[in-house]
Number of protein chains: 2
Amino acid sequence: MGSAEPPVADGELQFIQHSAARTRVLDAALELFAVHGVSGTSLQMIADTVGITKAAVYHQFRTKNNVVLAVTERELGRLAPALQEAEAHGDESHARDALLVRVIEMAVRDRRLVRTLQFDPVVVRLLAEHEPFQRFMERMYRVLLGETGVDGRIQGAMLSGAISSAVMHPLVGDVDDDTLRAKLTDITRRLLDLPGDRR
Amino acid sequence: MGSAEPPVADGELQFIQHSAARTRVLDAALELFAVHGVSGTSLQMIADTVGITKAAVYHQFRTKNNVVLAVTERELGRLAPALQEAEAHGDESHARDALLVRVIEMAVRDRRLVRTLQFDPVVVRLLAEHEPFQRFMERMYRVLLGETGVDGRIQGAMLSGAISSAVMHPLVGDVDDDTLRAKLTDITRRLLDLPGDRR
DNA sequence: GTCTATATTATGATAGAC
DNA sequence: GTCTATCATAATATAGAC
């Protein structure tokens, strides 16, 4: 591992502070990923967006894959504090609700990024292959769903997709953030209460 | 428009019969798109999977984009009969339910393809840019949602994502088709009834 | 319908100067 | 931290023979 690059996705996911230059690259990459997908985004496009050359990007990240990793890690890591708070919370039901609110908040605010983080094939493979990501998502679902039988897992899958889709779907492109957040929170809460009133 | 290629996505979406050679290409393309995404899939990969050369693929489709178009058109077109039936149905509520069942059926059966058709950036752009696709999706949502205020659109966005996600999420990878279809139908019906019992 | 061969451009990646 | 220059490879696409 080179001296320029921080450890990538080993240990627990957390907030990671990047240098200004790296942050510019990651911001540009994320924005481009959202529009063209990861595979449809070249390092040249990223470099052009930042206003530097490819070589300068390679000074910050050894491979394109490391850019994808860093982006995914950074964005997922933004949920880490909310997750930790929820896990520390005494009341299970309140913890779930609090985390849900934070997840919806982030999804609504960063609508454009949701498709990339949840559905891009490259990111999906990353999430499946790297243990820290898996562990993080497991913790998320443990809080959001409680114990996970078949019903709970189907429910969780639907929930995650419903939230994602609700913020990125063309149907709701013109709905403002506040309205969307409110409706989404409301419907999601009811969805979680559906099968047998599990509260 | 060349003599070898059929009209692509003008007029209404419908079942389209392709030649055996074209069908082989489209099948391979769809399978590869599902794994690597559209941008992550090259014509070389498609050719290799079919067992022919790139040139042979180009004999069937003038550009890669036309392959993507044809794939999208073919798969979406498979819902056309169900949509027409539903539109012809007298009772609005029964029509909605019948279409829903067909959509879920197809989503569950072709789990691997859902991510591509619903979320791949290239396909999403296609759907947004080509009128026939837009018109088709409008008709789908008209039947599934009835009149479309803000609430209905948010609900529709959630519904589409919830179904998609429920069939493609790692959480439900080991759930068999029958179980998944049953639970999904059940939860979806309840989701549609949620805000103010709109039946 | 499929092939070989080729043109053109873009891609991920590296070396070394400033 | 950024640059110019370069490399090897892979991409989309075409021409023309069988």
Side-chain angles (χ1 to χ4, degrees), chain A residues 1-6 8 16-33 35-72 116 120-123 125-126, chain B residues 1-6 8 16-33 35-72 116 120-123 125-126:
Chain A
M1 209 147 286
S3 61
E5 211 161 345
V8 173
I16 292 185
Q17 271 296 21
H18 294 278
S19 71
R22 254 202 289 273
T23 301
R24 278 192 296 272
V25 169
L26 293 180
D27 289 345
L30 187 48
E31 213 64 48
L32 287 165
F33 290 168
V35 178
H36 304 99
V38 173
S39 289
T41 301
S42 68
L43 288 178
Q44 186 65 66
M45 292 162 77
I46 297 173
D48 288 349
T49 301
V50 178
I52 56 179
T53 62
K54 264 194 298 181
V57 176
Y58 274 105
H59 180 71
Q60 309 294 345
F61 300 94
R62 266 183 315 149
T63 64
K64 179 185 174 183
N65 203 51
N66 278 18
V67 176
V68 183
L69 251 165
V71 163
T72 309
T116 304
D120 191 288
V122 177
V123 175
R125 189 179 311 167
L126 230 60
Chain B
M1 213 149 283
S3 62
E5 211 160 344
V8 173
I16 291 186
Q17 271 296 21
H18 293 278
S19 72
R22 254 201 289 272
T23 300
R24 279 192 294 272
V25 170
L26 293 180
D27 289 345
L30 187 47
E31 214 63 50
L32 287 166
F33 290 168
V35 178
H36 303 100
V38 173
S39 289
T41 302
S42 69
L43 288 178
Q44 187 65 65
M45 292 161 77
I46 296 173
D48 288 349
T49 301
V50 179
I52 56 180
T53 61
K54 269 190 297 180
V57 176
Y58 273 106
H59 180 72
Q60 309 294 344
F61 300 94
R62 267 181 315 149
T63 63
K64 180 185 172 182
N65 203 52
N66 278 18
V67 176
V68 183
L69 251 164
V71 164
T72 309
T116 304
D120 191 287
V122 177
V123 176
R125 189 179 312 166
L126 230 61

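Labels below follow one simple rule: chain letters A, B, ... track the order of the sequence lines, proteins then strands, and each chain is numbered from 1.
- Of all nucleotides listed (dA15(D), dT12(D), dT2(D)), dA15(D) comes nearest to the side chain of Ala55(B).
- At a threshold of 4.0 angstrom between heavy atoms, the contacts of Ser42(A) are confined to the sugar-phosphate backbone, with no base atom among them.
- Mapped onto DNA chain C by nearest heavy atom, Lys54(B) and Arg24(B) fall at different nucleotides, with Arg24(B) at the one closer to the 5' end.
- Between the P atom of dG1(D) and the CZ atom of Arg22(A) lies a distance of 7 Å, rounded to the nearest Å.
- Rounding to whole angstrom units, CD of residue Gln44(B) and P of dT9(C) are separated by 20 Å.
- Across Val38(B), Val71(B), Leu69(B), a single residue satisfies side-chain contact (heavy atoms from CB on, under 4.5 Å) together with Leu126(B), and that is Leu69(B).
- Here the closest heavy-atom approach between residue Val50(A) and residue Ala28(A) is recorded as CG2-CB, 3.6 Å.
- Side-chain nitrogen and oxygen atoms of Ser19(A) include at least one within less than 4.0 Å of the OP1 or OP2 phosphate oxygen of dG1(D).
- Judged by distance alone, with hydrogens and angles left aside, Lys64(A) brings no side-chain donor or acceptor close enough to the base of dT11(C) to form a pair under 3.5 Å.
- Residue-level contact check: Ala21(B) touches the backbone only, with heavy atoms under 4.0 Å from sugar-phosphate atoms and none from bases.
- Closest heavy-atom contact between Gln60(B) and Ser19(B): OE1-OG, 4.2 Å.
- At least one side-chain nitrogen or oxygen of Thr53(B) sits closer than 4.0 Å to the OP1 or OP2 atom of dC3(C).
- Rounded to whole angstrom, the span from the CG atom of Asp48(A) across to the C1' atom of dT2(D) amounts to 15 Å.
- Rounded to whole angstrom, the span from the CE atom of Met45(A) across to the P atom of dT9(C) amounts to 19 Å.
- Per the geometry, CG belonging to Asn65(B) stands 11 Å off P belonging to dT12(D), to the nearest Å.
- With rounding to whole Å, Tyr58(B) atom OH is found 14 Å from dA15(D) atom C1'.
- Screening residues 46-58 of chain A for side-chain hydrogen bond (donor to acceptor under 3.5 Å, both in side chains), with sequence neighbours left out, gives Gln44(A)-Asp48(A).
- A straight line from NE2 of His59(B) to P of dA15(D) spans 15 Å, rounded to a whole angstrom.
- Mapping Gly51(B) and Gly40(A) onto DNA chain C by nearest heavy atom places Gly51(B) at the nucleotide closer to the 5' end.
- Partner Phe33(B) forms a side-chain contact (heavy atoms from CB on, under 4.5 Å) with one of Asp120(B), Thr41(B), Thr72(B) and no other, that one being Thr41(B).
- The distance between atom NE2 of His18(B) and atom C1' of dG1(C), rounded to the nearest whole Å, is 17 Å.
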